[in-house]
Amino acid sequence: MTTIDTPRPEVLDATASEDNYLTHTRGFLSWALTLDHKRIGVMYMVSVLASFFVGGVFALLLRTELLTPGRTICSAETYNQFFTLHGAIMVFLVIIPSIPAALGNFVLPIMLGAKDVAFPRLNLFSYFLWVAGAAFTLYSLVAGGFDTGWTFYTPYSTTTTTGGVIPVLVGVFVLGFSSIFTGLNFIVTVHKLRPPGMTWFKMPLFLWALYSTAIMQVLATPVLAITLCLLIVERTMNIGIFNPAMGGDPVLYQHFFWFYSHPAVYIMIVPAMGIISELIAVHSHRQIFGYRYIAYSSVAIAMFSFIVWGHHMFLSGQSGLMNTIFSLISFSVAVPSAVKTFNWTMTLYKGTISLTAPMLYALSFLFLFTIGGLTGIHCATLNTDVHLHDTYFVVAHFHYVMMGSALIGMIGGLHHWWPKMTGKMYNEKMACTACIIVFVGFNLTFFTQFMLGSQGMPRRYYDYQPEFQIYHVISTIGAYTMAIGFFTTAVCFIQSLMSGPKAPSNPWGGVSLEWQCASPPPHDNFSTVPHVGNCYDFSVVRWDEKTKNYIVDHKLELAHAEQGSHR
Amino acid sequence: MNHIAADQKSQLAGHDAHAAHGEHAKYPFLAHHFDTPAQQFDSAKLGMWLFLATEVLFFGALFVAYAVLRTRFPEVFSYASHYLDTTMGGINTAVLIVSSLTMALGVYFAQRGRKMALIICLWLTMAGAAGFLVIKYFEYSHKIHANLVWGPSFYIPPHDAVGEAEHAALAHAPAAAPVAVAAPLNPQPSAIQSIGTHPAVDASVIKAAGSGPRGLGVGAVDHDAAVTHDIIPHDLPQAHLEDAKMPPNTHMFFAIYYAMTGLHGIHVVVGMVVIGILIYRATRGDFGPNYYTPVDLVGLYWHIVDLVWIFLFPLFYLIH
Amino acid sequence: MSHPQSPSNQDGHAANAGHPLVGHLVPVSTLVATASALLVLTVITVAVRYIDIGEFNVWVAIGIAVVKATLVATFFMHLKWDRPFNLLVFVGCTVFVVLMMAFCVLDTSQYRATQYTGNPPLAQEKLDANAPGAPVARFKTGMNP
Amino acid sequence: MLCTVPLIIAQSALSAATPAVTPADFWLPIGASVQAHNVDLMFNIINYICYFFFVVVVAMMAVFVVKYHAKRGTHIRTDGITHHTILELSWSVIPLLICIGIFFFGFRGYIDLITPPKNCFDVNVTAFKWGWQFKYPNGAQSDNLVVPSDQPIRLVLRSNDVLHACFIPAFRVKKDIVPGRVTSLWFECRIPTGLEEKDGYHLFCAEYCGMGHSDMNRRVLVLPQAEFDAWLVKQAAWLDEIPDEELYFKAGPKIYARCSQCHSIDGTDGLGPTWKGIWTRLTTPGGARFSDGRSYADLIGAGKEFATPEEYIRDSIYTPGKHLVAPFGNVMPTFKGQLNDRGIESITGMMQHLDEFNAKGVWTKTLPPATTAPETK
Ligand code: HEA
Ligand code: HEA
Ligand code: CUA
Ligand SMILES: [Cu+2]
């Protein structure tokens, strides 16, 4: 019978085998030199979470500094380094690799039914590039820090006297290549390693999202790489292409930077959107609404993302003509986003919704992304952006989409696949509580920043006018609330690792292929070629009393087809 | 959609479990996660093409910088282009084309399993790369001798003690010169003021007229003055500094010239390294009709290096 | 044994001496012809430089370069026989470069008028200090040329 | 286009009325310029569109979650539809039309924002790390931006060093200031403020420019035309009007206000060396002070690089990086073109009489020493 039940994982899962990817080989080197995409994914995840922690600590420091006008805990120089580091770490070390490289690496080949990604060695190499990039970034702290803002705008970045600029440029350059290789790997994997029956439109939407993301990673990141090279050459050898004192053009730098960094913001959000498609479908046990529209809209976002970069430069001295063109195109991205948003909402309609932790994260995502995306419209409109540009309004906008959507999506996905990755269940109540705390804290922190911004508080400000203080105080309180929430999440995960009950192979009742292999998956993912069905047809899931697990039973498919709707 | 269909066919063909097993026994080079050599080859090829796409964008951004600079300083480009040696550039183009040919032949011989011919072709390609770099070296050293460099040192005559010292210093200190500082404090009849008192004048007047900092405020540059390349004595170190026709910002041409040819040069060096590895592996006998993927991929890389040069050559050397 | 639609040889048998297991074999004659065409085009493009056709010089040069690039991609890089998706990758990324260039150049030509003309300050500084007689220095007189 | 019709009506109805200033509300601060009205209108229209879609999405989400929330043992429903082309099309096309509408009106407003009227009054603005200088056609200079009301003003923006941006929230205007270029912005303010600094509108630097980025704020003081004209005349001559002997305490503190960002006069640490005891340091031999190890005495004195301490100070103000006092970095911007000889005289005078000033730079002596004029060495 197709019913809902919460997993009772204390019972041993019959399908779990003792030989899984975690236990397949042992020892440090077996991890460090592994070619197994699952292990690489786990290593990425650990590294990304550690970086998130570091970036979060910087966020707390800067929020603390902003508690009062003037000096609270540090000097202006230090503050500038704080937000630069916070931004750079969160963007380059955390959010860009988080979903594709960490979750994607783990999930993509299994979902696809492949044994591994196309180039396992390249995959490991890109992880080590990440490590090297992170090392350079951290080294820049020792070398004198850097205070350029995460955007490295010239000529400030080429003239600032802080010593860590070149190391961090090298670091970001290296990280860029890590990202390129991950994307390249995924495109080839999706193209060439699909098993029989896995057609493009049978692929789970997460894969479509990862595929679109990979296109952006491959095509946009090289431009960042060369831009950073030019910056390094500028600083070391005075080449002058971006330096107005030499006749160069700082606005050209901004064109280059945003040609990468605008697609980069969709590199962050599109995979999160993919995760949300999975979470909403699986946890409401309901065929995703408008599969093809969601799939196409991912690709559409990827394509449009390349031609809107100038909306970050409306006031930079960019010409009025280009401002107009870029503003117009910017709105085009709102359409595929709208399609997705409404499709997700419609998926809930007549679903069978379990309010699990991943579902809570998905709902938070919907709530926060709608706000974040809609405020993007304020920014994309030419005359309102004149007022809002470089104020806290923009800060709030991008935290709603980067933190409130991309990162929340990532954490939701982590909860979703956690039983698969670790083979352990977590404390559902605790996870849900943490999610709610984060949600409340988040809105406290960043909703006030919309007001701050539209009232005229510029961003990257160490000191501010006293009339803004009340907002800053609320915001800081929110940040600490969020910290408590994330701390709870961390405790929940650690507890699950230490003493969590064993996870069944399919705790949520998913249909896509990863739920049809053991938890944790064996070294080779699949011993037999998996059966590819409709990965959103939840009528084939059946609760199995004996193993206390959901079972995907393809025989049900036929039965249902004959019966029509079934209750 | 065609390729998708083809794709699926190959997938279907490849995924027959038994066949896959046999394939692995038959082809030792077949990685465990691929089912057939065709699948592996196709994957490698696609991967390489995607990498080439990143290379195209990598260079592409510099081409954009080039285009932007050329839009800003057309007179500089047509003037400074004449300091480049077309003969050397032309020879280098030929060298690269020929080395591309030998590389393509290398792939052919690898496919045919003719080991000796492959090795010879690879060596020839290597020789082409080296030849290219040698010629480039002469070009560079000639230019540096003539003080045709990027940055402020372009304006410092070398070969005197002060100049050398400044050269050294400039190479390290990031430039922090004030940009608008010397804008006159009480501009006598400044453009701004005249706009203020003659309201009919359009705002755009401030744009062109010289209200910039000292030294920046000249009117339009004399475009016609630029094209007389034949009178420039090439080999004097500061010849350009004595040329009355040299337009301002000429150093920017050399900045982008060194940036682009330098990056290209680095790619040639990398190409030599990977070709070296190929030679080693070919000698060892790794390649044959069954397995020659690395040769093919390096070939693609080498052709893209050639391709970039095909654009660099006319864009720098052949400006009228 | 190449399949007409796909470049890969999928019969799964080891290749015989004449044919590779996978991929397409391009005859030597085609390769040599391509290289010759490239060399001829190089000579032409150099020659055209000495004819003054104004604006068109640059477009002719770029046109010839595009033809050469197409030759290289089609024959040397086997794109003619390769999977269409590889061609799409290559053309696609070029399109993005062109798009970026078009936007940036359009923008630059629009805002060019707001940029200071003449020698940039750092260059001027060097000229003043080191090459006082240098003719470019005439630009330093600023508003009173 | 159905959805954009209300927008069009709203826009044209409201913009037909003469633009009035807008009071501060929940979202926006007071709008005191003629442009503010349109920007605020656009902002609010977008806001309402956002409220609408936000409510739609969240309400649907909430209702569905409550209604279809599954209890344990519930059967999985399979009666939901999986696609609906009309729905899909409508929620692609409607947002698209709305977006085109928003774009269009945003664009129209933007054109107004960037096109200055012909009869603008020009103010030359130079931004530098980390301050502003406002220069008027008659040569007057000012630290705060003082402008006449009911008169279009154009700020002609230049930067000395890095990117800055001029942002006046109350006027809804902002523009980046790019070194190597001239940019400009215009506004026309309707509400005069008087010369009292605390009443002025904020002027912020909105493009990150380093350490003093958040200190680059000034006030915009708006005067009725007649008052402004008088101010302008007076301002042009302020340094010249002060008698020589009173320069150091009348002009000195005013100029010092700028220096005080980095140089203290009470000995506390700043970005630059404190002025406390500077004259003694400069005039007594010994003690290595420069980062290259040389001392003041090596530089100052007859026949040396600087004949007098005044000359040294003057040079340090004009070309600050030339000699660096250890252990400070090369961070001081040049003030060439901003301080003339009289200005420098006031500064050197003040340096010689630091004991007459408190830590804030306020002159504490009550009576000007009328008879014993401070001799300038
Ligand atoms: C994950 C990251 C992410 C995402 C997804 C987005 C999404 C969008 N962003 Fe955002 N943005 C950033 C990250 C992101 N942004 C960052 C990091 C910055 C600042 C960088 C810096 O300066 O440091 C920034 C800055 C930024 C600016 C520059 C502001 C400035 O500096 O002045 C602009 C301007 O156009 C903009 C626009 C948009 C738009 C139109 C979208 C759209 O994609 C949003 C589309 C979504 C919706 C519209 C909501 C869902 C749709 C509906 C509910 C249907 C109804 C909708 C309508 C009828 C409109 N963003
Ligand atoms: C993904 C990107 C991302 C994320 C997640 C965040 C998260 C946060 N950010 Fe932000 N931020 C940026 C990207 C991001 N940020 C960028 C790009 C900038 C611009 C920089 C620039 O201008 O150059 C910026 C700038 C920025 C500013 C503006 C600074 C200024 O302009 O002066 C502020 C101010 O409030 C801020 C605050 C915060 C806060 C409070 C959080 C909080 O959400 C952080 C919450 C996290 C924690 C509190 C960590 C706690 C964790 C634990 C306790 C344990 C968890 C461990 C495990 C799970 C193992 N950020
Ligand atoms: Cu000046 Cu920020
Ligand atoms: Cu953007």
Side-chain angles (χ1 to χ4, degrees), chain A residues 109 114-120 122 155 158-161 177 180-181 183-185 187-189 191-200 214 218-227 229-230 233-249 252 255-256 259 524 528-529, chain B residues 3-4 7-8 10-17 20 31-35 39-40 42-47 50-51 53-62 64-65 68-69 72-73 76 150-153 170-180 248-249 251-252 255-256 258-259 262-263:
Chain A
K115 290 199 197 103
D116 207 325
V117 292
F119 309 115
L122 188 65
T158 48
T159 51
T160 175
T161 46
F177 274 93
I180 289 178
F181 291 141
L184 192 155
N185 226 332
I187 297 186
V188 178
T189 309
H191 266 274
K192 301 293 177 193
L193 293 186
R194 276 176 289 122
M198 180 59 89
T199 60
W200 283 90
V218 166
L219 290 183
T221 321
V223 176
L224 176 74
I226 191 69
T227 311
C229 281
L230 283 176
V233 179
E234 185 97 58
R235 267 188 87 88
T236 52
M237 297 192 278
N238 238 327
I239 193 155
I241 290 175
F242 300 138
N243 183 355
M246 277 314 291
D249 186 355
L252 180 64
H255 276 302
F256 279 11
F259 184 85
D524 278 338
T528 55
V529 182
Chain B
H3 60 285
I4 295 178
D7 249 21
Q8 270 149 26
S10 84
Q11 304 286 332
L12 286 168
H15 260 278
D16 182 3
H32 82 282
H33 56 293
F34 290 116
D35 296 318
Q39 190 190 20
Q40 184 169 3
D42 279 354
S43 304
K45 265 274 198 42
L46 177 56
L50 288 167
F51 179 71
T54 69
E55 289 282 2
V56 168
L57 276 134
F58 202 62
F59 277 105
L62 281 182
V64 173
V68 163
L69 286 175
R72 282 182 62 198
F73 313 121
V76 165
W150 67 88
S153 358
L170 279 167
H172 295 291
V179 176
N249 288 307
H251 61 282
M252 289 309 273
I256 190 75
Y258 283 106
L263 187 70

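Here is how names work: the chains are called A, B, and so on, in the same order as the sequence lines, proteins then strands, and each is numbered from 1. All values below come from the heavy atoms of this structure, side chains included, with hydrogens, waters and symmetry mates left out.
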Residue [X] versus chain B: region with a heavy atom under 4.5 Å:
X: L230(A); value: side chain
X: A114(A); value: neither
X: I180(A); value: side chain
X: F181(A); value: side chain
X: L252(A); value: side chain
X: V233(A); value: neither

Counting heavy-atom pairs under 4.5 Å with chain B, which one of [options] comes out on top?
options: P155(A), G248(A), P109(A), G183(A); result: G248(A)
options: V117(A), T161(A), L224(A); result: V117(A)
options: D524(A), V223(A), V218(A); result: V218(A)

Which heavy-atom pair separates [X] from [Y] by the least distance, and what is that distance?
X: G240(A); Y: M252(B); result: O-CE, 3.3 Å
X: C229(A); Y: F58(B); result: SG-CZ, 4.5 Å
X: P222(A); Y: L57(B); result: CB-CB, 4.0 Å

key: Top contributor to chain A contacts, counting heavy-atom pairs under 4.5 Å, from A259(B), A53(B), G60(B), G47(B)   =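 Of A259(B), A53(B), G60(B), G47(B), G47(B) has the most heavy-atom pairs under 4.5 Å with chain A.
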inquiry  = Applying side chain to side chain contact (heavy atoms under 4.5 Å, CB included), can you list everything that pairs with A118(A), at least two apart in sequence or on another chain?
reply    =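 Applying side chain to side chain contact (heavy atoms under 4.5 Å, CB included) to A118(A) gives N185(A), V188(A), T189(A), L193(A), F34(B).
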From [X] atom [atom1] to [Y] atom [atom2], the distance as rounded to the nearest 0.5 Å:
X: I226(A); Y: L62(B); atom1: CD1; atom2: CG; answer: 4.0 Å
X: K115(A); Y: D35(B); atom1: NZ; atom2: CG; answer: 5.0 Å
X: I256(B); Y: I241(A); atom1: CD1; atom2: CD1; answer: 4.0 Å

query = For M246(A), does its backbone N or O pair with a side-chain atom of H251(B) as donor and acceptor, under 3.5 Å?
reply =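 The answer is yes, because a donor-acceptor pair under 3.5 Å joins these two groups.
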query = So, does W150(B) use its side chain to make a donor-acceptor pair with the main chain of M237(A) at under 3.5 Å?
reply =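 Pair found, side chain donor or acceptor close to backbone of M237(A).
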message = Evaluate F256(A) against V68(B) for side-chain contact (heavy atoms from CB on, under 4.5 Å), listing each step before the verdict.
response = CA-CA 12 Å; F256(A) 279 11; V68(B) 163; over 6 Å; no
request  = Would you mind checking which part of F73(B) comes under 4.5 Å of any heavy atom in chain A, side chain (CB onward), backbone (N, CA, C, O), both or neither?
outcome  =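 Only the side chain of F73(B) comes within 4.5 Å of chain A.
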query = Taking only residues two or more places apart in sequence, or in another chain, which ones meet D249(A) in a salt bridge (Lys or Arg N to Asp or Glu O under 4.0 Å)?
reply =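 Salt bridge (Lys or Arg N to Asp or Glu O under 4.0 Å) list for D249(A), sorted by chain: R181(D).
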